[in-house]
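We count ligands from 1, going down the list as the structure has it; atoms in each ligand are counted the same way. Just so we're clear, the structure is a prediction, and the values are computed from it rather than from any experiment.
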Amino acid sequence: MAEEKSFKYVIVGGGVAAGYAAREFSKQGLKPGELAIISREPVPPYERPALSKGYINLENKASLPGFYVCAGSGGEKQFPQWYKDNGIELLLDTEIVKADLASKTLVSGTGQVFKYQTLVAATGSSVTRLSDFGVEGADAKNIFYLRELLDADELVTAMNVKANGKAVVVGGGYIGLELSSALKVNNMEVTMVYPEPWCMPRLFTAGIASFYEGFYANKGINIVKGTVAAGFNTNSDGEVTEVILKDGRTLEADIVIVGVGARPIISLFKGQVDEDKGGLKTDAFFRTSVPDVYAVGDIATFPMKLYNEMRRVEHVDHARKSAEQAVKAIKAAEEGNSIPEYDYLPYFYSRAFNLSWQFYGDNVGETVLFGDNDPTSAKPKFGSFWIKDGKLIGAFLEGGNPDENKAIAKAAREQPVVESVEVLAKDGLSFVSNM
Ligand code: FAD
């Protein structure tokens, strides 16, 4: 039987939150051998958003170690040697299959037993699959999903094998938009399919979406809306050849990439930790209902102080910040100290082609579109504000410079009163830049 290993702190999961938690532990002071990161991935924590951007751009490919955590926030890249130098045990290719929180024990797929005093759960999300909806033929070859490095490697191989071929992207969220752009840049013929009336409806207004849909169409991307993939035809090798749409049409495809959402990975903790809104319920220090067990990143449902509501956030900025908050709280508690509550301003961004947008705050209430959202403009710059109860509470900006992005973040945090929606629409960015 494998030897049992004991650590003061264990982080389960080796993604964004794990990497930033490790950095915070080392900043706060860590003795050699106190901390272990247990990850089923074969590489140290990296900035996951790079997978759908630089990593799959065949001509100008970002590669590891270029985007090891904490490169994405301008920090030091944490190479395997960094973990060694900091006395952190990095257990890769190791999947935890059982967590017994009462006895503070974790068990890996190969039967290895790990004991901890404090656990940080950072297992992130897994993609939603078409087979989850019972779509027929969804197990055909050359149908891809993108969550981890190995998924991206498989996709890169397929794009090389099917060079200049036809790609169908299922899903109109930010993953679908980023992947479509990458496929087009890689010289594939791209069709996007999604059921909603416009792309990224969870965030984009019709006005925002019309810019991106127009821009994508001008790049030669075919967009099919109002229907879904209902099945697939294959050749004798089992490779996908066609996507069958629910409305009866078919689309030729050499490869299919699906981006239809993700679900938090919380099965290890089921029945042991209180849940809320699909995640593990935490307080403002990311403590779960079980003593000495913290949950961070995508899996945590935490009090969003700004909106006085429990929320779960699947964005990289929160993964970083929640991890840092949890580690600060762990260390402060050991010293008998306390730290301020987590006070998070939602922040989300995406990049595709030469476009780049940022969003801060909350996207509820009345909306106001401002700026130049003509998809044929040489330098489009436009945005949207969300207004609720007479206050500006959310702001989106495409093409902003760092100062402008800072200004929309400040406005979303400070929530200025909006006297007139018409004036706000006319003032646009200058409304927040002058704050
Ligand atoms: P993850 O980074 O997913 O890490 C979880 C880790 O836990 C993984 O390594 C996983 O293998 C491991 N794990 C899970 N279960 C086990 C187990 N039982 N045993 C061992 N290890 C386990 N957000 C943005 O704000 N902007 C973007 O542009 C953006 N782009 C993205 C692009 C892609 C392709 C993806 C997939 C996500 C993107 N995100 C983006 C979302 C962002 O990356 C996530 O919110 C963030 O990675 C969450 O961090 P996490 O540490 O909670 O989870």
**Study point:** Salt-bridge criterion met for Asp343 and Arg413 (N-O under 4.0 Å)
**Key:** yes
Point to revise | For Tyr9, side-chain hydrogen bond (donor to acceptor under 3.5 Å, both in side chains) partners two or more places apart | key: Lys331, Glu334
**Study point:** Sequence-distant partners of Glu189, salt bridge (Lys or Arg N to Asp or Glu O under 4.0 Å), two or more places apart
**Key:** none
Practice item. Determine whether the side chains of Gln325 and Tyr344 contain a donor N or O and an acceptor N or O closer than 3.5 Å. Key: no
Practice item. Decide, yes or no, whether a salt bridge links Arg48 with Asp298 under the criterion of side-chain N to carboxylate O below 4.0 Å. Key: no
Check your understanding: Can you name the salt bridge (Lys or Arg N to Asp or Glu O under 4.0 Å) partners of Glu95, sequence neighbours left out?
Key -> Arg40
Point to revise | Pocket residues of ligand 1, ordered first by chain and then by residue number (heavy-atom cut-off under 4.0 Å) | key: Gly13, Gly14, Gly15, Val16, Ala17, Ile38, Ser39, Arg40, Glu41, Arg48, Pro49, Ser52, Lys53, Thr94, Glu95, Ile96, Ala122, Thr123, Gly124, Leu146, Arg147, Glu148, Tyr174, Ile175, Glu178, Ile265, Leu268, Gly297, Asp298, Glu314, His315, Val316, Ala319, Phe348, Tyr349
